[in-house]
Amino acid sequence: MTVERIEITETSVPALPRGVKLRFDKQRDQWVLLAPERLFVLDNIALEIVKRCKGEANIDAIAEDLAKNFSAPKDVVLKDVIALLQDLSDKRILTA
Amino acid sequence: MTSQSPATAPDIKPGTAPAFPLAILAELTHRCPLQCPYCSNPVALEAASAELDTQTWLKAIEEAADLGALQIHLSGGEPTSRKDLELLIAKANEVGLYSNLITAGVLVGEDRLNSLSDAGLDHVQLSFQDSEAAGCDRIGGFKGGFEKKLAFADSVNALGIPLTVNMVVHRQNLGNLESMLELAVKLSARRVEIAHVQYYGWAYVNRAALMPTREQLERATEIVEAAREDLKGILVIDYVVPDYYAQRPKSCMGGWGQQFLNISPAGKVLPCHAAESITSLSFDRFPEKSLREIWESSEAFLKYRGTDWMPEPCRGCERREIDWGGCRCQAFAITGSADNVDPACVLSPDHALLQALAEEDSHGQSDDFLYRTRRAGLELEGA
Ligand code: SF4
Ligand code: SF4
């Protein structure tokens, strides 16, 4: 068995794999992440983070970008981003 | 319909008014090459000739999306028995419904899977009846099934479609729980569902051959808890505990008529896939009525939606909006009336009865099954 838990760090490049879809749910006026047998309602912060998981930018760059856009201290943002994405990765709905 | 897990409701905050269903369960057919003795289909199985046609299913999918559903579970019987499955998946994709194929995986070769994938299939849930060939083929009543399932899982992985392995567990296969989890990891499944059989439908008929003992159940829960630690980030384990040895019932389907809408092969619209077992209810049909009309005002949906229907002790109970009084189907099967509190609740006057029944069934003398076939169902109904 070669599978191992993915550890999210500054250099990870996160992406949503096939079968995980970001969608606006107009009936309930909210953003949701659709995943196997699961549905996650995203708050604004989570949405901004997930939107940036495109398999392009790494975590450090994502935190940098968010910190700039929301005038927040980068180290705090970085911690939040890692925590959220580690959680999504542990739920097996994020690749990195 | 392999899944025995009506309790795996999505992770969503419970809303105040159940304005829209979240998911639609499309039971496309009752045809199935397997004969699982715990199948959640009704004992009276529909004939192929009674099935809704392609156009009607396409219309149902559109209406479900309009109504606010976000997911569609394509189930059965064996949904891949339908030749029009590609068209239905493509439609779901077009209207923005997340598509989940619930399959036994024995009918689909690589070519068919490719075409389902091209149509936009989002996820596959594959059932195993046991962790090794002999048990798997015996319990499912289908020779050679296990090998086919392994090949099918490989094809799913090759296409990058997320795979969930579903295992319905009971007295005769619980001893293999650890190897079931190993199998799921070996197959690169991202999720596994371990679901205990419930007291309704075919499982009710076969309960004396299926009920686990209390010790087995405790052991199973320990194994799952340990595996959740060990496999963190590798395999997500959804574990549906049976509630016949519990103190409180589970919330079934996230509340009757609040999150799910199930369409039977012949178009009956049900609040849950087992609801037909409640013979005191009658169900409206699609397309005679629109899904919206049925969701909003059909008698079967209104009857047990929310808390107004509740008897004491639920009415004044602080858990009434947590478990919604438990499972209506189980209440009907055990107490004879779906108006009663789920007997899994320690506050139910029938709780002792349920526990005694489970205890007795768990020491059932015979491991023989009455397999799920149309003929056996007809005979049972006639009896
Ligand atoms: S017989 Fe088995 S595989 Fe077929 S629908 Fe029922 S539970 Fe699913
Ligand atoms: S009394 Fe009713 S609402 Fe309260 S825990 Fe029991 S079943 Fe649930």
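Since this is a predicted model, take the numbers as computed values, not measurements. Letters A, B, ... mirror the listed sequences (proteins, then strands); counts begin at 1.
- Here NZ of A/Lys21 is found 3.5 Å from CG of B/Asp122. Values are rounded to the nearest 0.5 Å.
- The most heavy-atom pairs under 4.5 Å with chain A, out of B/Leu163, B/Leu121, B/Val124, come from B/Leu121.
- Using a 4.5 Å heavy-atom cutoff, the side chains of A/Leu34 and B/His123 are not in contact.
- Heavy atoms from other residues, nucleotides or ligands lying under 6.0 Å from CG of A/Asn69 number more than 12.
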Donor-acceptor list for residues 61-68 of chain B side chains, cut-off 3.5 Å, not counting sequence neighbours:
unit_1: B/Glu62; atom_1: OE2; unit_2: B/Lys91; atom_2: NZ; d: 2.6
unit_1: B/Glu63; atom_1: OE1; unit_2: B/Leu291; atom_2: N; d: 2.8

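- Against chain B, the residues from residues 9-17 of chain A that qualify, each with a non-hydrogen atom under 4.5 angstrom away, are A/Pro17 in number order.
- Applying the ring-ring contact (aromatic ring centres under 6.0 Å, His included) test to B/Tyr98 and every residue at least two apart in sequence or in another chain returns nothing.
- Atom CD of B/Glu94 has more than 12 heavy atoms from other residues, nucleotides or ligands within 6.0 Å.
- Annotation for A/Ile45: atom CD1 does not count as buried by contact number, only 12 or fewer foreign heavy atoms lying within 6.0 Å.
- In this structure, CG in B/Leu70 is found 5.5 Å from CG in A/Leu39, a value given to the nearest 0.5 Å.
- Of all residues in residues 71-90 of chain A, those placing a non-hydrogen atom less than 4.5 angstrom from a non-hydrogen atom of chain B are A/Ser89, A/Asp90.
- Taking 4.5 Å as the limit, some side-chain heavy atom of A/Arg38 sits within range of a side-chain heavy atom of B/Asp238.
- Both the backbone and the side chain of A/Arg18 come within contact range of chain B, each with at least one heavy atom under 4.5 Å from a heavy atom of that chain.
- Within the model, atoms CD1 of B/Ile102 and CD of A/Glu37 stand 6.0 Å from one another, a figure rounded to the nearest 0.5 Å.
- For the set B/Ile234, B/Val236, B/Leu159, the count of heavy-atom pairs under 4.5 angstrom toward chain A peaks at B/Ile234.
- Atom-to-atom distance recorded for A/Lys91:NZ and B/Lys232:NZ is 9.5 Å, nearest 0.5 angstrom.
- For the options B/Ile161, B/Leu235, B/Leu231, heavy-atom pairs under 4.5 Å to chain A are most numerous at B/Ile161.
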